[in-house]
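Beneath this line is the structure, given in structure tokens, with notes to follow.
Computed from a prediction, not measured in an experiment: that's the story for all the values here. So that the names make sense, note that chain A is the first sequence line, chain B the second, and so on, each numbered from 1.
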There are 2 protein chains.
Amino acid sequence: MTTTNRQTQAEQTKQRLFDTALELFNKKGFDNVSVDEIVKQSNSSKGAFYGHFKSKYGIFIEKFKEIDSFYEEFVRTIPEEASFNEKILLLFEGQMDYLANILGKDLMRTVYISGLNDTDENFFANSERSLYRIVRGMIKEAIERGELQKDVDIQRLTWQITRCMRGTLYDWHAFGETFDLQKESREYIEVFMDGVMGRYGGERSGNRK
Amino acid sequence: MTTTNRQTQAEQTKQRLFDTALELFNKKGFDNVSVDEIVKQSNSSKGAFYGHFKSKYGIFIEKFKEIDSFYEEFVRTIPEEASFNEKILLLFEGQMDYLANILGKDLMRTVYISGLNDTDENFFANSERSLYRIVRGMIKEAIERGELQKDVDIQRLTWQITRCMRGTLYDWHAFGETFDLQKESREYIEVFMDGVMGRYGGERSGNRK
DNA sequence: TTATATTATAGACTATAGTCTAAGACCGCG
DNA sequence: CGCGGTCTTAGACTATAGTCTATAATATAA
């Protein structure tokens, strides 16, 4: 199955549309860029655009998916010996930093809007995302180390912990400029993790239960 | 400042648009109803529509605001003697029931989309909402009763507890049909409240700290 | 190599949310 | 009563996301 010339061309067209769109979005904001503008500046066409992307949102969603390689990189910087609780806190910190400073608020807003529109088949619900695999891994490790009880429902806890992210990120947009993402994120997950450790903490976690 | 005939007329037009729109939304779904269709079926016009509502979303947002009178009613059914923790759990249960069975998922979806679009001046961020006043009231009461420590940051805790609602409701849409709102809501807030009581619980709460 | 099938792209077209302006109806005031 | 001003509404108009169809270029198979 060798790559034909035509496929290469198509890939280049897609890349050109992608780069141009991102550049325009960053310069003028998602809402102030039209698809016509993107295709014109890419010397391309509507047909090409919608052949490569499902919608205008598709550009930002594709960019957003890069976050998974960030996660993979980032977890490697987390010290092996840190406790489960510390690891989760570090993950939140790193993630929020990446979202705010690399991807940006406008991109995240559109991704969250898509999550509400494509009510099925959206990225959040895909349990194979790196993020979910990483959190599941941390939970499994914590169980092995006796930090969490053996009978924790791993999948459920994964959804719950990542829901803390989604809730905080939603509020980041809903609450406007005054919202301090890092601070809010940390304070919130700290409380939640207290609850988690109180409920599911194993013998090695200092849990009194 | 007596109500003029003209104001009455306008109010009737608005009401007609409102009722017709809701009827159509419920019948066909928000995305499958056009504003043209609404105004035609209301024997009205675009000008009238946009004179009364800020956008197509405005209809559902206005309907959503009715939830505040529901909250006011509902809290009166919560037993005075219940603990802070129990009160919060009951509030969540009642709320989710109302949202799922009275307002409906489609309405909630559009309200949550609006929260992401009108990044300032949206309903969530308005701290005078009944919901927020009620939660603040519960927290204050819990402090008075010694269930929470005296130095709890009331406003912060209010935002955090209600963020549990927002996170869960976001997931309700993002995770499609398999998501059991009541179950997810309860399990999530239980963990969070464990964290809250562990951190901020007073002498009367059985907190060991 | 030629004929047939496939596919990427161009761009006209559609659907629809929201804007804008004019006009008519009603209001309050003299 | 009548006049100037104001509010409500009608509906044409604009902007724009997304669809659809035709075409040309390329791939494939004989």
So the salt bridge (charged side-chain N to carboxylate O under 4.0 Å, His left out) pairs with at least one residue in residues 81-90 of chain B (sequence neighbours excluded) are B:K87-B:E141
Could you list the donor-acceptor pairs under 3.5 angstrom formed by side chains in residues 60-67 of chain A, with sequence neighbours left out?
unit_1, atom_1, unit_2, atom_2, d
A:E62, OE2, A:K14, NZ, 3.3
A:K63, NZ, A:E66, OE1, 3.1

For A:E177, the side chain to side chain contact (heavy atoms under 4.5 Å, CB included) test, sequence neighbours excluded, returns A:K105
Residues passing the side chain to side chain contact (heavy atoms under 4.5 Å, CB included) test with B:R16, sequence neighbours excluded, are B:T13, B:S44
B:E72 meets the salt bridge (charged side-chain N to carboxylate O under 4.0 Å, His left out) criterion, sequence neighbours left out, with B:R133
5' to 3', nucleotides 4-18 of chain C under a 4.0 Å protein heavy-atom cut-off (B base, S sugar-phosphate only, - none) gives --BBSBBB-----BB
